[in-house]
Number of protein chains: 2
Amino acid sequence: MPDTANSVYFQLFKEIGILEQLSRAFLEARLPDGLIAPHFGVLNHLISVGDGSTPVELARTFQVPKTSMTHTLAGLEKHGLVEMRPNPADGRSKKVWLKPEGRKMRDATIAALGPEFEGIATAVSLGEVEQVLPILTKLRVFLDNARN
Amino acid sequence: MPDTANSVYFQLFKEIGILEQLSRAFLEARLPDGLIAPHFGVLNHLISVGDGSTPVELARTFQVPKTSMTHTLAGLEKHGLVEMRPNPADGRSKKVWLKPEGRKMRDATIAALGPEFEGIATAVSLGEVEQVLPILTKLRVFLDNARN
DNA sequence: CATATATAGTTCGACATCGTATCAATCAAG
DNA sequence: CTTGATTGATACGATGTCGAACTATATATG
């Protein structure tokens with residue numbers, strides 16, 4: 001592989017790094033005090049995919065160590081946004097359930113974000129996002145598999 | 001903006017978040033013990049753009065608080081990869097200089113990464129990356145400006 | 001059934017990030 | 001020149017991330 005090709009991949013990772021930083025700051029500026037991006041990510045997942053997942057399942061979904069997920073879930077629980085109940089099917093495990101407050105908080109954040117996204121849409125069109133997304137997903141799946 | 005459009009942007013940010021995590025892990029697995037991605041990023045910058053920058057300049061470049069940059073530079077110095085010398089033009093400030101060991105470490109890491117990128121190329125072609133990159137850059141520039 | 005192994009979750013410790021406060025040097029205004 | 005505001009860098013404290021070790025339960029194997 002020529003050096004120039006290397007540098008393009010390199011540039012992609014660099015861009016991803018900066019974007020992650022910026023988008024996280026962007027989101028967290030609009031979250032209630034004490035809540036950060038991972039909290040919102042989990043909440044959002046519980047709503048769009050459905051609650052009742054176990055912590056390990058969530059950890060796998062978000063590609064974080066289970067110990068990080070424990071911490072994130074503790075925060076959500078402390079803020080009264082989710083509830084942890086035992087898993088009747090497995091005595092070792094728990095299940096995470098949304099509380100109405102969690103849904104409310106997520107909806108409010110989404111609503112606050114709506115107008116912001118319209119701003120973003122002036123820079124990057126919906127079509128462009130739809131063009132980029134499958135490629136990034138391919139890359140993510142590859143890296144995920146390479147991780148083992 | 002319809003809800004479905006919202007969710008596509010959301011998905012993009014989610015994908016970016018996971019990719020950042022995976023690619024950072026990927027890089028750090030190939031760095032010497034005690035060094036992490038920010039160290040490599042700074043080193044790389046000093047080589048490609050030239051050394052002699054001040055810590056604040058570096059902090060601005062990488063969009064991190066200056067206190068984080070202090071920490072990162074302390075790590076690089078401790079590992080003997082860079083050298084901090086006073087800035088003759090400003091008594092408050094310092095300048096960061098590459099040491100030969102720093103250049104050597106960076107080059108070795110780049111070399112180790114080359115074959116890995118070839119693996120990635122089987123999943124995502126060079127053309128696809130070139131297609132994605134300008135769009136991500138547009139998004140990054142927009143978010144960067146919106147930050148103020 | 002008994003024992004070995006694997007898995008879910010937590011605790012603990014190491015370390016990174018970052019906001020606030022602080023210090024020293026510079027710059028600006030009069 | 002003097003004084004007040006600004007800027008570069010660091011120290012410190014709070015919090016997030018994550019690996020290692022641990023406990024409890026489940027599963028597999030003989």
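The sequence lines fix the lettering, A, B, ..., with proteins before strands; numbering per chain opens at 1.
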Closest heavy-atom contact between A/K138 and B/A123?
NZ-O, 3.5 Å
Throw together a table of side-chain donor-acceptor distances under 3.5 angstrom for residues 35-47 of chain A, partners on residues two or more places apart or in other chains.
from  : atom 1 : to     : atom 2 : distance (Å)
A/H39 : ND1    : A/I36  : N      : 3.0
A/N44 : OD1    : A/R106 : NE     : 2.6
A/N44 : OD1    : A/R106 : NH2    : 3.1

Could you give me the CA-CA distance, side-chain angles and deciding distance for B/F13 and A/L27, then say whether side chain to side chain contact (heavy atoms under 4.5 Å, CB included) is met?
CA-CA 10 Å; B/F13 289 126; A/L27 169 65; over 6 Å; no
By nearest-heavy-atom nucleotide on DNA chain C, the more 5' of A/R24 and A/M69 is A/M69
Closest heavy-atom contact between B/L136 and A/I16?
CD1-CG1, 4.5 Å
What is the distance, rounded to the nearest whole Å, between atom CD of A/E20 and atom C1' of C/dT17?
12 Å
When rounded to the nearest 0.5 angstrom, what distance separates CZ in A/R140 from CG in A/L143?
10.0 Å
Closest heavy-atom pair and its distance - B/Q63, A/Q21:
O-NE2, 3.3 Å
Rounding to a whole Å, what distance do you find between B/Q21:CD and D/dG19:P?
10 Å
For the atom pair OG (A/S68) and CG (A/L58), what is the distance rounded to the nearest 0.5 Å?
12.5 Å
Do the side chains of B/V132 and B/E128 get nearer than 4.5 Å, heavy atoms only?
no
Kindly write out the residues that satisfy salt bridge (charged side-chain N to carboxylate O under 4.0 Å, His left out) with A/D90, not counting sequence neighbours, or none if the list is empty.
A/R92
Heavy atoms of other groups near B/K14 NZ, more than 12 under 6.0 Å:
yes
Judged by each residue's nearest nucleotide on DNA chain D, which is more toward the 5′ side, A/P65 or A/G91?
A/P65
Rounded distance (Å) that lies between atom P of C/dC15 and atom CD of B/E28
14 Å
Those residues that, when tested against A/R60, pass salt bridge (charged side-chain N to carboxylate O under 4.0 Å, His left out) (two or more places apart):
none
What's the angle between the local helix axes at either end of the helix from C/dC1-D/dG30 to C/dG30-D/dC1, using five pairs per end and rounding to 10 degrees?
20°
Could you check how far CG of B/L31 sits from P of C/dC15, rounded to whole Å?
17 Å
Generate the contact string for nucleotides 5-16 of chain D. Rules: B means base contact, S means sugar-phosphate contact only, - means no protein heavy atom under 4.0 Å.
--BBBBB----S
So which of residues 40-49 of chain B are in contact with DNA chain C, with a heavy-atom cut-off of under 4.0 Å?
none
